[in-house]
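One structure is given here, and the rest of the page talks about it.
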There are 2 protein chains.
Amino acid sequence: MNKRKTNTTEASILKAAKTIFLHKGMDGARMQEIADEAGINKSMLHYYFRSKELLFKAVFMEAFSTLAPQLNEILNADSSICDKIKGFSHNYITFVIAHPYLPNFILQEMNRNNEFVNDLISKNHFPSIKKFKLQVKEKVADGTLRPIKAEHLFINIMALNIFPFVASPLLKKVLDTSDTQFKNLIEERKTEVAEFIINAIKV
Amino acid sequence: MNKRKTNTTEASILKAAKTIFLHKGMDGARMQEIADEAGINKSMLHYYFRSKELLFKAVFMEAFSTLAPQLNEILNADSSICDKIKGFSHNYITFVIAHPYLPNFILQEMNRNNEFVNDLISKNHFPSIKKFKLQVKEKVADGTLRPIKAEHLFINIMALNIFPFVASPLLKKVLDTSDTQFKNLIEERKTEVAEFIINAIKV
DNA sequence: GTCTATAGCCAGATAGAC
DNA sequence: GTCTATCTGGCTATAGAC
């Protein structure tokens with residue numbers, strides 16, 4: 001009985017905290033706002049998570065844990081480079097359409113350079129680029145790919161997939177698009193991005 | 001005499017405010033910290049700029065005014081698309097190496113969605129994509145360019161140039177590079193990015 | 001476990017002497 | 001114009017009743 005209440009309250013706090021932290025960041029978020037969002041008393045936040053920082057850590061880790069593994073589709077899968085790029089772009093964009101604030105939140109908090117964010121990440125068995133590096137080197141050597149460093153290719157894949165979500169307010173202004181039109185553009189990018197990259201690297 | 005002191009003090013406040021706001025954002029910045037950075041008394045900030053918000057607006061506008069005009073090299077120059085991409089990538093990356101916190105600051109504050117940021121920007125004769133759209137359409141029609149929407153090409157150019165600066169903490173971890181190695185990668189991108197894009201769009 | 005009330009602190013802003 | 005001192009409000013966090 002106690003256990004059940006603990007679980008549901010704790011979960012609703014986490015859910016509310018996620019909403020607020022993702023929209024406003026650590027510095028902009030208010031404990032009161034999170035409590036209101038969860039429909040419970042502010043002191044409950046401290047009862048369950050002890051401090052704003054610990055609550056934030058929980059949210060950040062959960063957010064990070066959903067994004068980091070997706071990189072493995074590029075870095076550690078066994079498929080061809082083309083298939084990786086097609087698969088990742090489609091899956092990643094589909095996922096982020098459903099969670100549009102995630103990428104900006106992660107990047108922003110990593111840029112704030114708190115020791116703990118970087119600590120948490122280091123410990124969290126970060127995906128390594130090692131295997132991908134070998135694969136690219138090999139394909140460049142045998143002439144299947146234009147000469148390109150794996151590092152640049154990886155940065156480019158990330159950039160083309162992630163950037164539109166991080167820069168959407170700016171892009172909407174320059175492109176002079178409505179929200180609906182912008183959504184359509186993003187939808188198109190599920191295939192557009194992979195096509196663009198593959199054209200860039202194929203011989 | 002008074003005039004000179006006004007100018008130098010006001011300038012040193014603005015400079016300090018730029019440093020602090022760019023590193024910490026509106027929410028994370030403290031007026032005391034800005035005063036310390038400028039080496040003057042906190043009440044001077046209010047004497048010259050009246051409030052934190054007005055000081056922030058001044059900083060944001062100055063930052064935005066240095067970045068926005070650079071988009072014109074892509075959007076409104078008279079050169080060929082290839083030359084635009086080469087020129088912009090080289091110039092933009094060179095500029096941001098010297099001001100690495102600028103892009104993240106602008107994107108972050110636009111994402112906070114304060115009315116005033118969006119208002120300020122709307123009034124600031126934002127560069128339009130109109131001319132670039134015509135140019136791309138024309139080149140696609142006459143077969144000089146692979147079929148691509150101007151919107152996607154523009155997003156891609158922005159993404160490939162800006163993203164590495166916004167995501168540097170993440171990229172450094174995944175790529176497992178030192179600061180020096182990462183700087184070298186960025187340096188390479190002055191030409192690498194344009195090459196990549198041109199390969200992607202040429203027939 | 002959940003609430004109310006409040007402690008304690010720190011930030012932005014102002015008053016007023018010089 | 002520049003300083004010191006201080007007000008005021010809002011925020012995190014906790015004490016304590018239920």
Side-chain angles (χ1 to χ4, degrees), chain A residues 1-61 105 108-109 112 114-117 120, chain B residues 1-61 105 108-109 112 114-117 120:
Chain A
M1 198 56 158
N2 280 350
K3 194 70 198 305
R4 206 177 76 233
K5 244 191 181 168
T6 294
N7 282 345
T8 58
T9 306
E10 191 171 331
S12 75
I13 291 174
L14 254 182
K15 195 184 160 199
K18 215 170 154 180
T19 305
I20 303 299
F21 277 132
L22 259 67
H23 279 77
K24 312 219 166 175
M26 171 67 177
D27 291 333
R30 296 290 161 252
M31 294 295 266
Q32 184 60 61
E33 218 179 344
I34 296 173
D36 293 346
E37 174 76 22
I40 54 143
N41 192 280
K42 190 173 57 141
S43 54
M44 286 291 92
L45 305 184
H46 291 95
Y47 179 79
Y48 281 99
F49 292 89
R50 238 186 60 225
S51 71
K52 184 182 181 184
E53 186 169 319
L54 285 171
L55 179 53
F56 174 80
K57 284 189 192 181
V59 169
F60 184 86
M61 280 314 297
F105 171 70
Q108 180 52 27
E109 298 300 333
R112 276 201 320 133
N114 283 299
E115 330 114 29
F116 87 80
V117 167
L120 285 173
Chain B
M1 198 57 157
N2 281 348
K3 192 70 195 308
R4 204 175 77 233
K5 241 187 183 171
T6 294
N7 282 345
T8 59
T9 306
E10 191 171 330
S12 74
I13 291 174
L14 254 182
K15 194 185 161 199
K18 216 171 155 179
T19 304
I20 302 299
F21 276 131
L22 259 67
H23 278 77
K24 311 219 166 178
M26 170 67 177
D27 291 334
R30 296 290 163 253
M31 294 295 267
Q32 185 60 61
E33 220 179 343
I34 296 173
D36 293 346
E37 173 76 23
I40 52 143
N41 192 280
K42 190 173 58 140
S43 54
M44 285 290 93
L45 305 184
H46 291 94
Y47 179 79
Y48 281 99
F49 291 90
R50 239 187 59 224
S51 71
K52 183 183 182 184
E53 185 168 319
L54 286 172
L55 178 54
F56 173 81
K57 284 189 192 182
V59 169
F60 184 86
M61 280 315 298
F105 171 71
Q108 180 52 27
E109 297 301 332
R112 279 201 317 134
N114 283 299
E115 329 115 30
F116 86 80
V117 168
L120 284 174

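Just so we're on the same page: letters track the sequence lines, and every chain starts at 1. Side-chain atoms are counted along with the backbone in the values below, which use heavy atoms only and exclude waters and symmetry mates.
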Please determine if a side-chain N or O atom of [X] lies less than 4.0 Å away from the OP1 or OP2 oxygen of [N].
{"X": "Tyr48(B)", "N": "dT2(D)", "value": "yes"}
{"X": "His46(A)", "N": "dT14(D)", "value": "no"}
{"X": "Thr9(A)", "N": "dT2(C)", "value": "yes"}

Exercise. Under 4.0 angstrom, heavy atoms only, what part of the nucleic acid is Ser51(B) near: base, sugar-phosphate, or nothing?
Worked result: sugar-phosphate
Rounded to whole Å, how long is the line connecting atom [atom1] of [X] with atom [atom2] of [N]?
{"X": "Ile20(B)", "N": "dA11(C)", "atom1": "CD1", "atom2": "C1'", "result": "15 Å"}
{"X": "Glu53(B)", "N": "dG12(C)", "atom1": "CD", "atom2": "P", "result": "13 Å"}
{"X": "Asn41(A)", "N": "dT12(D)", "atom1": "CG", "atom2": "C1'", "result": "14 Å"}
{"X": "Leu54(A)", "N": "dT12(D)", "atom1": "CG", "atom2": "C1'", "result": "13 Å"}

Check every atom of [options] against the side chain of [X] and return the nucleotide holding the closest atom.
{"X": "Ile40(B)", "options": "dC3(D), dA13(C), dG1(C)", "result": "dC3(D)"}
{"X": "Ser43(B)", "options": "dT12(D), dT14(C), dT2(C)", "result": "dT14(C)"}
{"X": "Tyr47(A)", "options": "dG12(C), dG1(C), dT4(C)", "result": "dG1(C)"}

For this session: Report the C-alpha separation of Met31(B) and His46(B) in whole Å, then their side-chain angles, then the decisive distance to 0.1 Å, and conclude whether the side chain to side chain contact (heavy atoms under 4.5 Å, CB included) test is met.
Result: CA-CA 9 Å; Met31(B) 294 295 267; His46(B) 291 94; 3.9 Å; yes
Exercise. Is the NZ atom of Lys52(B) crowded by more than 12 outside heavy atoms at less than 6.0 Å?
Worked result: yes
Problem set entry | Within residues 21-31 of chain A: residues closer than 4.0 Å to DNA chain D (heavy atoms) | Ala29(A), Arg30(A), Met31(A)
For this session: Please name all residues satisfying ring pair (Phe, Tyr, Trp, His ring centres under 6.0 Å) with Tyr47(B), sequence neighbours left out, ordered by chain then number.
Result: none
For this session: For side chain to side chain contact (heavy atoms under 4.5 Å, CB included), just list the numbers for Phe60(B) and Phe105(B), CA-CA rounded to whole Å, side-chain angles, deciding distance to a tenth of an Å, and then say yes or no.
Result: CA-CA 9 Å; Phe60(B) 184 86; Phe105(B) 171 71; 3.8 Å; yes
For this session: Give a yes or no on whether a salt bridge exists between Lys24(B) and Asp27(A), defined as a side-chain N under 4.0 angstrom from a carboxylate O.
Result: no
Seminar exercise, completed: In Ile20(A), Ile40(A), Leu14(A), the residue satisfying side chain to side chain contact (heavy atoms under 4.5 Å, CB included) with Ile34(A) is Ile20(A)
